[in-house]
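Predicted model, so just to flag it, every value in this text is computed and none were measured. FYI, side chains are in, hydrogens and waters are out, and symmetry mates aren't considered; it's all heavy atoms of this structure.
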2 protein chains.
Amino acid sequence: MLSIGDLSKRTGVKVPTIRYYEQMGLIEAAERSEGNQRRYERHDLERLAFIRHARDLGLDIPAIRELIALSQHPDLPCVNADRIAADHLIAVREKIEKLKKLEHELERIISHCDGHSIEDCYVIRALSDHGLCEGEH
Amino acid sequence: MLSIGDLSKRTGVKVPTIRYYEQMGLIEAAERSEGNQRRYERHDLERLAFIRHARDLGLDIPAIRELIALSQHPDLPCVNADRIAADHLIAVREKIEKLKKLEHELERIISHCDGHSIEDCYVIRALSDHGLCEGEH
DNA sequence: CTTGAAGCTCTAGTCACTGGAGGAATTATC
DNA sequence: GATAATTCCTCCAGTGACTAGAGCTTCAAG
């Protein structure tokens, strides 16, 4: 039986976050000690590692909730789990594209600035005047 | 003189967001009509376009506040403005790197899944078992 | 048996908005 | 000039995924 602190150390998930996940219904309400403290078992450790891993991949809580529900029906086809992952991959790629555009624009703005006075600062001027931008954003 | 709705249409910034920026001190409190409605001038249009542009580049409100303050001292050297942009560029690049790692991991997980049953689903298995990951994340 | 760490609940704060309620002002139509 | 439709006002609450703090209780070590 693990305390919430033990569970936290083993999974790298902070104590308040574990309680938050319980509140959100991602992990079942733990058994309690006589003094009302949460007590966990291996089962909970695995569940929490699963959640942690999914969060690290950037999945949001509703998606994780769905994956957990799916994982409890081993006989079903896994198209839904695949779809969650594939949708997320698309979202990740879109974010990358947006950030790359920002990267280029920032590089361009910075490289154009001669670093003298605010009056001539390309950073400030570029922000003031959208016409100085390269692409649309 | 523009109403808040006119300003919104011209800049693409939503009405409640304009009021929010006023509250945050990014734009000055507007003059009011007899009936207490906000009235704006060209000056405000430019300021709001500046803010919008900076937000599109992903700068946060404190950074924008600083840029606005700087832009009002044309004689100062612009190293601080450059630093804000450069710091932001670094942050953007870091985000891109993280997302690329996620992209690869998701691609790998998805491609390994044969799409049959949850029991064998690589998506679910990869989440359950960190040992199946390629890199650290 | 004492002490200090770790646990409990509940509330509020983060960031940058966004939306709604309920009411007043403005604008358009007749 | 009356009325109707639209826009505006303020204030409050909600978003996502935590995080931090107050004030109290329980646990484990010495």
Side-chain angles (χ1 to χ4, degrees), chain A residues 1-27 29-40 44 47-48 50-68 84 87-88 91-92 95 98 102 137, chain B residues 1-27 29-40 44 47-48 50-68 84 87-88 91-92 95 98-99 102:
Chain A
M1 300 292 263
L2 302 166
S3 71
I4 197 168
D6 297 333
L7 193 63
S8 171
K9 271 169 214 146
R10 295 243 213 150
T11 57
V13 179
K14 288 182 187 165
V15 169
T17 306
I18 297 173
R19 289 196 277 250
Y20 170 75
Y21 287 159
E22 180 184 312
Q23 218 187 323
M24 292 297 101
L26 292 189
I27 53 182
E31 288 175 55
R32 300 294 181 117
S33 71
E34 282 184 12
N36 197 36
Q37 299 193 354
R38 290 170 178 81
R39 292 291 175 258
Y40 297 95
D44 300 297
R47 166 71 64 88
L48 192 55
F50 181 103
I51 295 167
R52 167 93 215 253
H53 198 166
R55 286 291 303 131
D56 283 348
L57 285 172
L59 291 162
D60 62 16
I61 284 178
I64 296 173
R65 223 194 302 270
E66 202 174 336
L67 286 173
I68 289 170
I84 290 170
D87 285 353
H88 185 55
V92 167
K95 272 189 199 161
K98 271 195 191 170
L102 291 189
H137 51 180
Chain B
M1 301 292 263
L2 302 166
S3 71
I4 197 168
D6 296 333
L7 193 64
S8 171
K9 271 169 214 146
R10 295 243 214 149
T11 57
V13 178
K14 289 183 186 164
V15 169
T17 306
I18 297 173
R19 289 197 275 251
Y20 170 74
Y21 287 157
E22 180 184 312
Q23 217 186 324
M24 293 298 102
L26 293 189
I27 53 181
E31 289 175 53
R32 299 293 180 117
S33 71
E34 283 185 11
N36 196 36
Q37 299 193 356
R38 291 171 177 81
R39 292 291 175 258
Y40 297 94
D44 301 297
R47 166 70 65 88
L48 192 54
F50 181 103
I51 295 167
R52 167 92 215 253
H53 198 165
R55 285 291 304 133
D56 284 348
L57 285 173
L59 292 162
D60 63 15
I61 284 178
I64 296 173
R65 226 194 300 270
E66 201 174 336
L67 286 173
I68 289 171
I84 291 171
D87 286 353
H88 186 53
V92 166
K95 271 189 201 163
K98 271 195 190 168
L99 286 171
L102 291 189

Colleague: Measure the distance from CD1 on B:I4 to P on C:dA25 and round it to the nearest whole Å.
Modeller: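 For the pair B:I4 CD1 and C:dA25 P, the rounded distance is 17 Å.
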
Colleague: Measure OH/B:Y20 against P/C:dG20 and give the value in whole Å, please.
Modeller: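 Result: 19 Å.
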
Colleague: Compile the donor-acceptor pairs under 3.5 Å between side chains in residues 9-25 of chain A and protein atoms, sequence neighbours left out, one pair per line.
Modeller:
from: A:T11; atom 1: OG1; to: A:L7; atom 2: O; distance (Å): 2.8
from: A:T11; atom 1: OG1; to: A:V13; atom 2: N; distance (Å): 3.2
from: A:E22; atom 1: OE1; to: A:R38; atom 2: NE; distance (Å): 2.8

Colleague: Please give me the minimum heavy-atom distance between A:R55 and A:D60, naming the atom from each residue.
Modeller: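 Nearest pair, atom of A:R55 first, then A:D60: NH1-CA, 4.0 Å.
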
Colleague: Does B:T17 have a side-chain nitrogen or oxygen under 4.0 Å from the phosphate oxygens OP1 or OP2 of C:dC17?
Modeller: no

Colleague: So, taking the atom named CG in A:D44 and the one named CZ in A:R39, what distance separates them when rounded to the nearest 0.5 Å?
Modeller: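 So the gap between those two atoms works out to 12.5 Å.
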
Colleague: Please figure out whether B:P62 or B:R19 has its closest DNA chain C nucleotide nearer the 5' end.
Modeller: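 Its nearest nucleotide being more 5', the pick is B:P62.
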
Colleague: In whole Å, what is the span from the CE atom of B:M24 to the C1' atom of C:dA16?
Modeller: 9 Å

Colleague: Start with the C-alpha distance between B:I61 and B:L26, add both sets of side-chain angles, then the distance that settles side-chain contact (heavy atoms from CB on, under 4.5 Å), and finish with yes or no.
Modeller: CA-CA 8 Å; B:I61 284 178; B:L26 293 189; 4.1 Å; yes

Colleague: I need the B:I51 CD1 to B:R65 CZ distance, nearest 0.5 Å.
Modeller: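 If we round to the nearest 0.5 Å, B:I51:CD1 and B:R65:CZ are 10.0 Å apart.
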
Colleague: Without decimals, in angstroms, what is the distance between A:D6 CG and C:dG7 C1'?
Modeller: 12 Å

Colleague: Do any side-chain nitrogens or oxygens of B:R55 fall under 4.0 Å of OP1 or OP2 in C:dC17?
Modeller: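 So the side chain of B:R55 is within the cut-off, an N or O lying under 4.0 Å from OP1 or OP2 of C:dC17.
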
Colleague: Might you point out which heavy atoms bring B:A30 and B:Y40 nearest each other, and give the distance in Å?
Modeller: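 Shortest heavy-atom separation between B:A30 and B:Y40 comes out as CB-CE2, 3.4 Å.
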
Colleague: Walking along DNA chain D from 5' to 3', note the first and the last nucleotide with an atom under 4.0 Å from a heavy atom of chain B, and give both.
Modeller: D:dC8 to D:dT10

Colleague: Round to a whole Å and report the spacing from CD of A:E22 to C1' of C:dC10.
Modeller: 15 Å

Colleague: Atom CG of A:L2 to atom P of C:dA6: distance rounded to whole Å?
Modeller: 15 Å

Colleague: Contacts to DNA chain C from residues 31-40 of chain B, heavy-atom cutoff under 4.0 Å, which residues?
Modeller: B:S33, B:G35, B:Q37, B:R39

Colleague: If I compare all heavy atoms of A:L59 with all of A:L67, which pair ends up nearest, and what's the gap?
Modeller: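 In terms of heavy atoms, the two residues are closest at CD1-CD1, 3.8 Å.
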
Colleague: Taking all heavy atoms of A:L57 and all of A:H88, pick out the closest pair and write down the distance.
Modeller: O-NE2, 2.7 Å

Colleague: I'd like to know if the side chain of A:D6 and the backbone of A:S3 have a donor-acceptor N/O pair within less than 3.5 Å.
Modeller: yes

Colleague: In whole angstroms, how far is the P atom of C:dA16 from the CG atom of B:L26?
Modeller: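 After rounding, the gap between these two atoms is 9 Å.
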
